[in-house]
Undergrad: 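Pasting a structure below so you can have a look.
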Amino acid sequence: IGNTTPLASILSNALGSLSLRNVTTTGTQTYNDATITFSSVYTTTNAAFVTGAGSAVTILSNLVVNTGSANITFGGPLNGAFTAALNSTGNTSFNGLVGGVTPLTRLTTNAGGTTTLGASINLNPGGTDGQNIAVTFNDAVLLSADSTLDAGPGRVLFASTINSTPGISRSFTILTT
């Protein structure tokens, strides 16, 4: 969708299910459906990528989201036995449980922004790259809720700081096996 000529934006309602792959827009991508499946690459031109608070997202193949300087927000749960590479120099937010039903195999955020964890993350890397990296946070991490990061047998890499929301102390538990 929009790969030859990008759409201006995309907005879905909250009534049913939606399944998309490869979406390019110059503006915001907002998905509010109850059940959403994503595959491949989603790109905006410095505009937000948002899934609603009631939206359960499942990724069906490796996912890449590119928003330039705009925010990426997963408002509800995010599941799927694939990788997610989230590229934003704005804020990348997880407000719902990640990997609660089906753990992701790898999660990576780029440098230059902030990742806000408002929920726990479960990963199960099974990579054959020899590194067995479950998660790489290349930007600063901000805890907006008590969170647990379960990397299974994978490695966890933090390239910047980890802090709580200013004025509120949060617990952060990191588990590896």
Side-chain angles (χ1 to χ4, degrees), residues 1-3 5-88 90-110 113-126 134-135 137 141-152 165 170 173:
I1 298 173
N3 289 321
T5 302
L7 301 179
S9 63
I10 192 165
L11 170 65
S12 68
N13 66 18
L15 298 177
S17 61
L18 179 68
S19 182
L20 294 172
R21 68 177 294 139
N22 292 329
V23 177
T24 302
T25 61
T26 57
T28 301
Q29 294 182 28
T30 304
Y31 305 99
N32 291 310
D33 299 88
T35 305
I36 304 169
T37 57
F38 288 131
S39 299
S40 275
V41 180
Y42 296 77
T43 302
T44 71
T45 305
N46 295 319
F49 175 96
V50 178
T51 66
S55 299
V57 175
T58 301
I59 57 176
L60 300 178
S61 69
N62 293 338
L63 175 69
V64 178
V65 179
N66 301 306
T67 62
S69 60
N71 296 338
I72 298 171
T73 302
F74 288 95
L78 173 63
N79 291 284
F82 296 95
T83 65
L86 308 174
N87 304 307
S88 167
N91 187 41
T92 300
S93 298
F94 298 97
N95 300 325
L97 179 62
V98 176
V101 175
T102 305
L104 304 182
T105 57
R106 182 179 285 182
L107 175 64
T108 304
T109 64
N110 70 321
T114 302
T115 296
T116 301
L117 299 181
S120 294
I121 297 176
N122 299 304
L123 301 155
N124 186 17
V135 64
F137 292 111
V141 173
L142 180 67
L143 303 175
S144 64
D146 294 340
S147 301
T148 298
L149 172 59
D150 185 348
T165 304
R170 301 287 185 188
T173 303

Undergrad: Enter the distance from Thr24:OG1 to Ile1:CD1 here, rounded to the nearest 0.5 Å.
TA: 9.5 Å
Undergrad: Between Arg106 and Thr83, is there a donor-acceptor pair closer than 3.5 Å when you use the side chain of the first and the backbone of the second?
TA: no
Undergrad: Could you state the interatomic distance from OG1 (Thr30) to CG (Leu11), rounded to the nearest 0.5 Å?
TA: 5.5 Å
Undergrad: Taking all heavy atoms of Ser147 and all of Leu117, pick out the closest pair and write down the distance.
TA: OG-O, 3.7 Å
Undergrad: Heavy-atom distance under 4.5 Å between the side chains of Phe74 and Val98, does that happen here?
TA: no
Undergrad: Kindly indicate whether the side chain of Thr43, heavy atoms from C-beta on, has any atom under 4.5 Å from the side chain of Val64.
TA: no
Undergrad: Report yes if some heavy atom in the side chain of Asn32 is under 4.5 Å from a heavy atom in the side chain of Asn13; otherwise report no.
TA: no
Undergrad: Would Ser17 and Thr35 count as having a side-chain donor-acceptor pair, cut-off 3.5 Å?
TA: no
Undergrad: Could you measure the distance from the OH atom of Tyr42 to the CD1 atom of Ile10? Nearest 0.5 Å is fine.
TA: 9.0 Å
Undergrad: Hey, what do you get for CG (Asn66) to OG1 (Thr45), rounding to the nearest 0.5 Å?
TA: 10.5 Å
Undergrad: Is there a donor-acceptor contact under 3.5 Å from the side chain of Ser88 to the main chain of Ala70?
TA: yes
Undergrad: Write down the atom of Gly27, the atom of Ala47, and the distance for their closest heavy-atom approach.
TA: C-CB, 3.2 Å
Undergrad: Minimum heavy-atom separation for Thr37 and Leu60, please, with both atom names.
TA: CB-CD1, 3.7 Å
Undergrad: Is Leu63 close to Phe82 at the side-chain level, that is, under 4.5 Å between some pair of heavy atoms?
TA: no
Undergrad: If you compare all heavy atoms of Gly68 against all heavy atoms of Asn46, which two are closest, and at what distance to 0.1 Å?
TA: CA-OD1, 3.2 Å
Undergrad: Could you measure the distance from the CG atom of Leu104 to the CG atom of Asn79? Nearest 0.5 Å is fine.
TA: 7.0 Å
Undergrad: Which atom names give the shortest non-hydrogen contact between Ala145 and Gly118, and what distance separates them?
TA: CB-O, 3.6 Å
Undergrad: To the nearest 0.5 angstrom, please state how far the CG atom of Leu107 sits from the CG atom of Leu86.
TA: 6.0 Å
Undergrad: Would you find a donor on one side and an acceptor on the other, under 3.5 Å apart, between the side chain of Ser61 and the backbone of Ser40?
TA: yes
Undergrad: With sequence neighbours left out, which residue pairs that include part of residues 91-103 fulfil the side-chain hydrogen bond (donor to acceptor under 3.5 Å, both in side chains) condition?
TA: Asn91-Ser93, Asn91-Thr116
Undergrad: Of all the heavy-atom pairs spanning Thr44 and Ala48, show the shortest one and how long it is.
TA: CG2-O, 3.8 Å
Undergrad: Name the atoms and distances for all side-chain donor-acceptor pairs under 3.5 Å in residues 49-59, with sequence neighbours left out.
TA:
residue: Thr51; atom: OG1; partner: Gly75; partner atom: N; Å: 3.1
residue: Ser55; atom: OG; partner: Asp33; partner atom: O; Å: 2.7
residue: Ser55; atom: OG; partner: Gly52; partner atom: N; Å: 3.4

